[in-house]
Protein chains: 2
Amino acid sequence: MPRNATATRDRLIKAANELFYGDGIRSVSMDAVAAKAGVTKRTLYYHFDSKDDLVAAYLTAQDQPTLAQFARWFDEIDGPLPEKVAGLFSHVATATQHPKWKGCGFLRTAAELASTPGHPALKAGAAHKKRFEAWLAAEIAAAGHNEAGTLARQIVVLLDGAVSMMLVHRDPSYIETAGTVAANLVTQDQTGGTANRAI
Amino acid sequence: MPRNATATRDRLIKAANELFYGDGIRSVSMDAVAAKAGVTKRTLYYHFDSKDDLVAAYLTAQDQPTLAQFARWFDEIDGPLPEKVAGLFSHVATATQHPKWKGCGFLRTAAELASTPGHPALKAGAAHKKRFEAWLAAEIAAAGHNEAGTLARQIVVLLDGAVSMMLVHRDPSYIETAGTVAANLVTQDQTGGTANRAI
DNA sequence: GTCTATAGCTTGATAGAC
DNA sequence: GTCTATCAAGCTATAGAC
C-alpha cells in the first residue's frame, strides 16, 4: 500500500477512468471508485473536493494519452497524406472492436453532462477536442496544404460522427465510409496537395 | 384530471421526454417524472413496469415526430438535391440555437446507456437512426441517384458528427462545414445526378 | 494521509386501500 | 387506475481519531 500522495491520487484517477468510462458518470458512486483504488472514501475526498472535481480530473488525464495514441497511429502509416488519413480511420475501426470499447469518453461525458453547462469536465472535454483538431490541422499543414484548418475541421466531424454511429449500430462500416470521404477530401484539396514540404 | 388511461400515459411520456432530454436519464428520478405529470409514483408504475421501460417508451415516442420534422424541413426547401441537403443542415443549425437544445436525444441516450448493451431504449434509438438513414436514401434515390445508399450513409455520419461537435463546442460553424461537405458529395455523385425522376 | 463511522437525503420499486 | 404510505438500499459528503 503506497503511502505516497501522488501514487494514491494516480490510482484514484486510474480507477475513476475504468469505472466512469465503463459505466458512465452518474451510475458510478464515489464508494465504487474508492473501493477500486483500494482506499476509503475519506481518502478519496482528501484528494478531490467533489465528484465533479474527480470527473474533470479523469477526463483531463485522458487528454495527452489520447492525443499521443492518435499521433502514434498517424506516424505508423506510410504513404501520402490521404492514405495516412484513411489509415487513421482504419486504426479507429480496429480499436472499436475491443470488447471494452464504449465510444469516445469525451463525447459520452459531453452527452451525459449536457444539462450542467459550466461543468469543469465539459471544459476539459472541449479543450481536448480542440487540441486534437489543432494537431490534425498542423499535420495537414506540414504536408503542404493551405486549407489545413478547413480540412481538419471536416475530418474531425467525420471522425466523431463515425464513432457516434459505431456506438449506436455497432457496425464498423460507418467508420470505413467516413474514412473514405475524409481521404477523398484531402485528395481533392489542390491548394497545395502536390507541393513538397521541403524547400 | 383525466381519468383516461391513454391520456395519463401520454402525459407521463411527455413529462419523461422533457425531463430525460433536459437532464439525462440517470439524473431524473421516477418521482420527478410522476410529479411533472401530476400523478403519484404508484400510477407511473401502473403504466410502466420499470424505469428502463419508461425510457424506452420515451425514445420510441420521439421516433416519428423527429422523422416528420426532418421530412418537413426537406420539403420546404426548393431547388436541386444538393441545395435541399445543404438546407437540411441549415435547419439543424438553427434548431441548435434554441436555448433548450441539448444535442440529439437518441445519441445522448446511446452514450449514457452504453454500459447496458441490451437496453430496450438502445434498440429504439438504433431503429430510429436506421429509419432516418433509410428515409434519406429514399429521398436521394427519388431524385435520380444510383448510389443513394452510400450517399445517405455518408450524410448521416456528417450530420451526427456535426451535432456532436455542436454539443461539445457550442459552435454552429461545424454544422455549416458538414452541410457543405454533404452537398458537395451529392453534387459530385454523377451516377444519376442529372437524370430526371420522371419517365 | 488514511482510517472508522455516520449524517442526511434520494433512489427504484412495492403493499394495500378504494 | 389512482391513491397514501413506506421499504431497503444507495447516494454525496463530513466528523473526528490517529
Side-chain angles (χ1 to χ4, degrees), chain A residues 1-59 61 109 112-113 115-116 118-122, chain B residues 1-59 61 109 112-113 115-116 118-122:
Chain A
M1 285 288 185
R3 295 271 157 178
N4 178 295
T6 303
T8 301
R9 194 188 145 95
D10 287 350
R11 289 212 328 284
L12 283 166
I13 288 183
K14 185 174 174 240
N17 177 38
E18 289 168 18
L19 290 170
F20 287 148
Y21 178 75
D23 298 338
I25 308 298
R26 303 216 220 232
S27 80
V28 170
S29 69
M30 293 296 266
D31 292 73
V33 175
K36 182 128 192 161
V39 299
T40 64
K41 208 163 30 168
R42 195 67 187 82
T43 298
L44 172 51
Y45 275 100
Y46 171 81
H47 287 281
F48 300 94
D49 287 343
S50 65
K51 186 175 182 179
D52 288 344
D53 189 24
L54 176 63
V55 176
Y58 138 65
L59 264 198
T109 303
E112 189 170 355
L113 304 184
S115 59
T116 57
H119 198 294
L122 295 181
Chain B
M1 286 290 184
R3 296 271 155 178
N4 178 295
T6 304
T8 301
R9 195 188 145 94
D10 287 350
R11 289 212 326 286
L12 282 165
I13 288 183
K14 185 173 174 240
N17 176 38
E18 290 168 18
L19 290 170
F20 287 148
Y21 179 75
D23 297 340
I25 308 298
R26 304 215 219 233
S27 80
V28 169
S29 68
M30 294 294 267
D31 293 73
V33 175
K36 183 126 193 165
V39 299
T40 63
K41 207 163 32 167
R42 196 69 186 81
T43 299
L44 172 52
Y45 275 99
Y46 171 83
H47 288 279
F48 301 94
D49 287 343
S50 65
K51 186 175 181 179
D52 287 344
D53 190 24
L54 176 64
V55 175
Y58 138 67
L59 265 198
T109 302
E112 189 170 356
L113 304 184
S115 58
T116 56
H119 198 293
L122 295 182

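Residue numbers begin at 1 in each chain, while the letters A, B, ... track the order of the sequences. A quick note: this is a predicted structure, and the numbers were derived from the prediction, not measured.
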| request: With the side chain counted from C-beta on, respond yes when B/T8 and B/R11 share a heavy-atom pair under 4.5 Å apart, and no when they do not. | output: yes
| request: Check every atom of C/dG12, C/dA13, D/dG1 against the side chain of B/S29 and return the nucleotide holding the closest atom. | output: C/dG12
| task | Give the rounded distance in Å between these two atoms: CG of B/D31 and P of D/dC7. | result | 16 Å
| message | How many whole angstroms separate atom CE of B/M30 from atom C1' of D/dC7? | response | 17 Å
| query | Just how far, in rounded Å, is P of D/dT14 from CZ of A/F48? | reply | 16 Å
| query | For A/T109 and A/F20, what are the C-alpha separation, side-chain angles and deciding distance, and is it a side-chain contact (heavy atoms from CB on, under 4.5 Å)? | reply | CA-CA 9 Å; A/T109 303; A/F20 287 148; over 6 Å; no
| Rounded to whole angstrom units, what separation is found between the CG atom of B/D10 and the C1' atom of D/dG1? | 15 Å
| task | Name the closest nucleotide to the A/K41 side chain, picking from D/dT2, C/dT6, C/dG12. | result | C/dT6
| task | Would you kindly compare B/R26 and A/R9 by the position of their nearest DNA chain C nucleotide and give the one closer to the 5′ end? | result | A/R9
| query | Atom OH of A/Y45 and atom C1' of D/dA13: how far apart are they, to the nearest Å? | reply | 5 Å
| task | Grab the CG-P distance between B/L44 and D/dT4 for me, whole Å please. | result | 15 Å
| request: Send over the distance from B/D52 CG to C/dG12 C1', rounded to a whole Å. | output: 10 Å
| request: May I ask you to say what B/V28 touches in the nucleic acid, namely base, sugar-phosphate or nothing, with a heavy-atom cut-off under 4.0 Å? | output: sugar-phosphate
| request: In sequence, state the C-alpha distance, the side-chain angles, and the governing distance for A/H47 and A/V39, and then conclude on side-chain contact (heavy atoms from CB on, under 4.5 Å). | output: CA-CA 11 Å; A/H47 287 281; A/V39 299; over 6 Å; no
| Out of C/dT2, C/dG12, D/dT2, which nucleotide sits closest to the side chain of B/K51? | C/dG12
| said: Please tell me if B/Y46 has a side-chain N or O lying less than 4.0 Å from either OP1 or OP2 of D/dT2. | reply: no
| request: Provide, to the nearest angstrom, the distance between the CG atom belonging to A/D49 and the P atom belonging to D/dT12. | output: 15 Å
| query | Is there a side-chain polar atom (N or O) of A/T8 under 4.0 Å from OP1 or OP2 of C/dG1? | reply | no
| request: Any chance you could lay out the side-chain contact (heavy atoms from CB on, under 4.5 Å) test for A/Y46 and A/L12, step after step, and finish with the verdict? | output: CA-CA 11 Å; A/Y46 171 81; A/L12 283 166; over 6 Å; no
| Is the backbone N or O of A/G24 less than 3.5 Å from a side-chain atom of A/E112, with the two atoms forming a donor-acceptor pair by type? | no
| said: Please tell me if A/T40 has a side-chain N or O lying less than 4.0 Å from either OP1 or OP2 of C/dT2. | reply: no
